[in-house]
Number of protein chains: 2
Amino acid sequence: MREDTRTRIQEIALRLFTEQGYEATSLREIAEELGVTKAALYYHFKTKDDIVTSLVDLRIADVEELLEWVKSQPRTPETRREVLERYAAKLKRPQHIQMARFLERNQTALRDHPKLSRMRDLMLELANQLSGPEATPVERISRSLALFALHAGKWMPGDLTEDEVDKASMEVALRLLEP
Amino acid sequence: MREDTRTRIQEIALRLFTEQGYEATSLREIAEELGVTKAALYYHFKTKDDIVTSLVDLRIADVEELLEWVKSQPRTPETRREVLERYAAKLKRPQHIQMARFLERNQTALRDHPKLSRMRDLMLELANQLSGPEATPVERISRSLALFALHAGKWMPGDLTEDEVDKASMEVALRLLEP
DNA sequence: GTCTATAACGGGATAGAC
DNA sequence: GTCTATCCCGTTATAGAC
């Protein structure tokens with residue numbers, strides 16, 4: 001049973017965009033790896049940009065969901081803790097780790113892409129939800145950093161196991177939530 | 001007194017590479033803004049890559065200096081605190097803020113550039129110097145994040161003054177050094 | 001749904017005049 | 001030190017056959 005071609009294009013594109021960068025990845029490369037020609041891609045996606053759009057949409061839905069949840073909750077320490085846990089759980093799914101990397105690494109190259117702007121706005125809003133309007137600058141920076149800490153796996157050198165990094169990141173993140 | 005052309009090329013290139021990304025910035029754009037033609041750039045720099053090299057060299061020297069200093073010091077809490085302060089002081093100079101942004105935003109596009117690899121290695125080593133070999137995973141992540149916290153100015157939304165962000169970032173960073 | 005062929009363009013880089 | 005002119009290449013994208 002061959003996988004949907006459209007889906008395979010998305011997988012390959014996401015990997016190459018992440019490894020090499022969006023601009024540095026040509027449609028020819030994607031097509032070659034898929035075993036078809038460039039032109040075939042144009043049947044599935046109108047432009048190179050459209051591939052990005054289709055990718056980001058998945059993650060936007062995910063973060064929007066988390067954002068709506070947190071807004072429906074009382075602004076308590078317990079809620080904040082659970083935001084981190086839900087966010088970490090999302091991150092653990094392989095697709096989303098890679099998507100997070102892709103977004104991080106291509107923010108500049110794709111700075112004018114509407115979907116990327118939307119993602120940035122959502123992440124900022126999520127960070128803000130951890131603070132609230134009355135928070136001090138120290139609290140606001142500290143709590144924004146808490147979200148970031150959960151991405152630690154990506155830049156920590158490799159002599160720690162994945163599990164060690166996950167646990168330790170969460171511990172650091174939780175500490176950053178404390179007043 | 002006109003400024004050195006070579007220096008002006010560096011300034012314009014750094015700004016455009018940072019704003020738009022390395023790949024997305026063409027030599028034509030740089031030349032146009034300088035008021036000369038593409039070909040003129042080739043008198044001053046052998047390739048587009050060479051412009052990057054000339055830029056990164058400045059910052060490499062800076063971080064190497066800090067790294068040598070920390071290695072010459074005893075591994076104490078006081079030393080670690082001073083590393084953060086020296087690093088923050090370097091960051092405050094406008095050239096280096098922009099250089100840090102440039103490096104951050106073009107890590108993927110320039111992942112094969114030897115000077116960029118060198119910069120990454122230096123930053124990792126600096127982060128490691130804050131921990132030492134016997135540190136727990138939580139300490140290592142926490143202390144690496146301390147360095148990162150000092151860059152907070154770049155992604156915090158704009159309703160805080162620069163001074164507020166600087167002070168608060170340092171406070172968060174110092175807290176991340178604590179056991 | 002995938003192909004071949006090709007258009008149309010912009011990129012980095014070079015040669016040689018001034 | 002800067003110019004014009006040009007080369008060569010890879011890129012996105014399209015047209016039309018199968």
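Chain naming here is simple, since letters A, B, ... match the order of the sequence lines and numbering starts at 1 in each. Only heavy atoms go into these numbers, but all of them, side chains included; no hydrogens, no water, no symmetry mates.
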Problem - Atom pair distance, as rounded to whole Å: OH in A/Tyr42 and P in C/dT4 - result: 16 Å
Handout entry: Shortest non-hydrogen separation from B/Val165 to A/Ile141 and the atoms involved
Key = O-CD1, 3.8 Å
Practice task
Look at the side chain of A/Lys38 and decide which nucleotide, out of D/dA13, C/dG11, D/dC3, has an atom nearest to it.
Solution key: D/dA13
Exercise for the section: Compare the minimum distances between each of D/dA13, C/dA13, C/dT4 and the side chain of A/Thr37, then state the nucleotide with the smallest one. Expected result: C/dT4
Handout entry: B/Phe45 CZ - C/dT14 P separation (whole Å)
Key = 15 Å
Problem - Contact under 4.0 Å: A/Thr5 side-chain N or O vs C/dT2 OP1/OP2 - result: yes
Practice task
State the NE2-OG1 distance between B/His44 and B/Thr5, to the nearest 0.5 angstrom.
Solution key: 4.5 Å
Practice task
Measure the distance from CD on B/Gln20 to C1' on C/dG11 and round it to the nearest whole Å.
Solution key: 14 Å
Exercise for the section: Could you tell me whether a side-chain N or O of A/Ser169 sits under 3.5 Å from a main-chain N or O of A/Ala152, the two making a donor and an acceptor? Expected result: no
Exercise for the section: Considering just the side-chain nitrogens and oxygens of A/Tyr43, establish if one lies under 4.0 Å of OP1 or OP2 belonging to C/dG1. Expected result: yes
Problem - Spatial distance of atom OG1 (B/Thr47) from atom CG (B/Leu41) [nearest 0.5 Å] - result: 11.5 Å
Problem - Whole-Å gap separating C1' (D/dT12) and CD1 (A/Ile51) - result: 11 Å
Handout entry: Under 4.0 angstrom between B/Ser26 side-chain N/O and C/dG10 OP1 or OP2
Key = no
Fill in the blank from the handout: A/His44 NE2 to D/dA13 C1', in whole Å, measures 16 Å
Exercise for the section: Please determine, for the side chain of B/Leu27, which listed nucleotide (D/dT11, C/dT2, C/dA13) has the closest atom? Expected result: C/dA13
Exercise for the section: Could you say whether A/Arg28 or A/Lys46 is positioned toward the 5' end of DNA chain D, judged by the nucleotide with the nearest heavy atom to each? Expected result: A/Arg28
Problem - Qualifying residues under side-chain contact (heavy atoms from CB on, under 4.5 Å), relative to B/Pro74, sequence neighbours excluded - result: B/Thr76, B/Thr79
Completion exercise
Taking D/dA13, C/dA5, C/dA13 as options, the one with an atom nearest any side-chain atom of A/Ala39 is C/dA5
Completion exercise
Separation of C/dG12 atom P from B/Ile30 atom CD1, nearest Å, is 8 Å
Exercise for the section: Specify the separation, in whole Å, of atom CD of A/Glu32 and atom P of C/dT2. Expected result: 17 Å
Problem - Separation of D/dG1 C1' from B/Leu34 CG (nearest whole Å) - result: 12 Å
